[in-house]
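Each remark here refers to the structure printed beneath this line.
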Number of protein chains: 2
Amino acid sequence: MTKKFSKAATAKAETRNAEAGDEAAPVSNRATRAAERRDAIVAAAMEEFITRGFAATRLDDIARRAGVAKGTIYLHFKDKESMFEELVRTVIVPVVAKLNALPPPTGSVRDLIETFAGNFLKEVIGTRRGDLVRLIVAEGPRFPAVADFYYREVVSRGMAGMRALIELGIARGEIQQAKLARYPQILIAPAMIAVIWQSLFARHAPLDAQDMLRVHLDLIFGERRTT
Amino acid sequence: MTKKFSKAATAKAETRNAEAGDEAAPVSNRATRAAERRDAIVAAAMEEFITRGFAATRLDDIARRAGVAKGTIYLHFKDKESMFEELVRTVIVPVVAKLNALPPPTGSVRDLIETFAGNFLKEVIGTRRGDLVRLIVAEGPRFPAVADFYYREVVSRGMAGMRALIELGIARGEIQQAKLARYPQILIAPAMIAVIWQSLFARHAPLDAQDMLRVHLDLIFGERRTT
DNA sequence: CATTTATGACTGACTAGTCAGTCAATGTCA
DNA sequence: TGACATTGACTGACTAGTCAGTCATAAATG
């Protein structure tokens with residue numbers, strides 16, 4: 001049993017390596033291997049936490065999925081709780097990076113937002129990232145640190161960005177409703193609802209998020225004209 | 001210990017009785033007491049599940065909060081899981097009743113929806129009911145039965161009602177954007193976001209839900225005019 | 001071979017669910 | 001009506017099992 005498990009774990013590690021496309025050669029120095037393991041643990045934990053929630057997730061399952069012994073987890077994380085918090089941070093950081101690297105505002109505000117919405121659709125709705133959002137909603141109240149972090153890094157920035165766009169749209173006359181700048185939430189709300197809808201009700205009533213967002217933008221900017 | 005505990009439970013039951021406003025007289029037959037206890041358990045469970053989530057909630061805590069022994073819970077519910085499911089049903093049923101008893105559409109559609117939004121604000125946002133919505137979002141994926149029930153009883157009905165209102169608004173010329181009828185979600189989205197916002201971010205950035213909903217309605221119906 | 005890294009068997013704390021026993025409420029009978 | 005019998009709602013100590021976190025041991029590394 002022990003033997004078999006060991007072998008399986010090794011095989012898995014190699015597979016992961018191959019997938020990652022490293023040079024076929026000697027594979028790694030210590031730091032690299034350690035980082036790879038950490039990544040594997042993070043990925044496995046993400047999967048487990050998303051499907052079971054924090055409390056119901058077993059570290060044994062994370063370890064097995066990551067192809068690692070349970071003790072190894074404790075070489076990278078203090079305990080289950082801080083693992084969860086760091087996990088959220090780790091996954092969110094690249095998102096923030098992307099938000100910061102948004103293209104400068106050229107073209108109409110409507111086009112900008114439409115592009116943004118398109119990316120959001122592709123990269124969030126119906127993906128692991130979307131599930132992460134739901135997970136944060138679910139566990140946030142019990143993990144103030146997570147809720148705080150998410151607010152600071154994602155929500156407040158996203159809101160500020162949206163507000164700027166809205167103000168630009170108002171200045172340019174693309175947006176009529178001036179008070180909208182007070183509540184960027186209104187602009188984002190349908191997208192968030194789409195995220196939640198997908199994971200709760202998709203099988204009852206599939207939602208064409210793309211189309212819904214377009215209708216919403218028409219509402220804000222006025223019906224689209226083929227200029 | 002046993003004596004003391006018994007007394008406490010009895011006292012509690014009587015208090016509840018008084019509140020319920022039954023005839024002051026003989027206090028209870030067996031069936032009544034049983035129903036009262038069930039209610040106490042449901043209330044306690046609601047509180048615990050909301051604050052800790054399903055997996056992290058201890059039946060011992062529910063029992064203590066309800067002023068009941070753990071075994072008693074099992075006289076009313078098969079197990080923890082079905083207790084959770086029945087709990088959600090029990091709490092949601094009165095909401096459905098209210099939805100069904102909506103006033104017939106007189107007056108402008110805008111006023112109707114504004115009234116509806118007002119009630120929603122008062123009775124859901126920032127209340128236990130709002131927390132219940134968050135709980136359903138949180139646990140839904142792990143309790144398909146709950147998600148199904150919630151969809152069938154609340155979401156689909158609410159959506160149908162909203163769609164009808166929107167179509168009425170379009171017919172009357174109050175609403176310009178005809179395609180809105182395809183996505184009642186757009187109308188409801190900011191309200192849902194407000195619910196979630198309250199429980200996650202209220203302390204970082206309090207949200208004036210009332211005002212936000214008004215802005216949103218202005219967006220849909222056009223700026224309010226003092227006719 | 002000394003040191004760093006990884007392992008997984010083990011421990012102890014914790015909890016869902018059970019069940020033998022208690023006792024207040026109800027029923028029965030003289 | 002009062003004495004006694006029956007019921008079944010209720011209790012809480014207990015069982016069987018789970019799981020986060022530890023640590024002695026083993027493998028890998030340089």
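Protein chains get the first letters and strands the later ones, always in sequence-line order, with residue 1 at the start of each.
Contact detail for A:Ala117 and A:Leu213: the closest heavy-atom pair is CB-CD1, 4.1 Å.
Tested against B:Val91 for a side-chain contact (heavy atoms from CB on, under 4.5 Å), the candidates B:Val88, B:Leu87, B:Val95 yield a single pass: B:Leu87.
Ion pair B:Asp208/A:Arg182 not flagged as a salt bridge, since none of the NZ, NE, NH1 or NH2 atoms sits closer than 4.0 Å to an Asp/Glu carboxylate oxygen. Checked for salt-bridge contact, A:Arg58 and A:Glu48 miss the test: no charged N lies under 4.0 Å from a carboxylate O.
Phosphate contact (OP1/OP2 of C:dT7, side-chain N/O of A:Arg37, threshold under 4.0 Å): present.
Between B:Phe84 and B:Phe49, the ring planes lie perpendicular to each other; the angle is over 60°, past the 30° to 60° tilted range. Under the 30°/60° scheme for interplanar angles, the aromatic rings of B:His204 and A:Tyr151 are found to lie parallel.
Distance B:Arg64 CZ to C:dC14 C1': 13 Å, rounded to the nearest Å. Regarding B:Phe84, its CZ atom lies at a distance of 17 Å from the C1' atom of C:dA16, rounded to whole Å. One can place NZ of B:Lys70 at 6 Å from C1' of C:dT15, the figure rounded to the nearest angstrom. Atom CD1 of A:Ile62 and atom P of C:dG8 are 17 Å apart (whole Å). A:Leu59 places its CG atom 16 Å from the P atom of C:dA9, with the value rounded to the nearest Å. The interatomic distance linking A:Glu48 (CD) with D:dC19 (P) rounds to 12 Å, in whole Å. With rounding to whole Å, B:Arg52 atom CZ is found 13 Å from C:dC14 atom C1'. Between the CG atom of B:Asp60 and the P atom of C:dA13 there is a distance of 17 Å, rounded to whole Å.
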#### Entry: 5'-to-3' dot-bracket of DNA chain C (Watson-Crick, G-U; under 3.5 angstrom; crossing pairs as [ ]; | other strand)
||||||||||||||||||||||||||||||

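Within 6.0 Å of CZ on A:Arg203 lie no more than 12 heavy atoms contributed by other residues, nucleotides or ligands.
Out of C:dT7, D:dC19, D:dG12, the shortest distance to the side chain of B:Ala69 is found at D:dG12.
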#### Entry: B:Arg38 and B:Glu86: CA distance, side-chain angles, deciding distance, salt bridge (charged side-chain N to carboxylate O under 4.0 Å, His left out) verdict
CA-CA 11 Å; B:Arg38 202 197 129 101; B:Glu86 281 191 50; 3.4 Å; yes

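Take the nearest nucleotide of DNA chain D for A:Ala56 and for A:Gly71: the residue whose nucleotide is more 5' is A:Ala56.
B:Ile92 is listed as a side-chain neighbour of B:Leu132, based on a closest heavy-atom distance under 4.5 Å.
Looking at residues 72-83 of chain A, you'll see A:Tyr74, A:Asp79, A:Lys80 sit with a heavy atom under 4.0 Å from some atom of DNA chain D.
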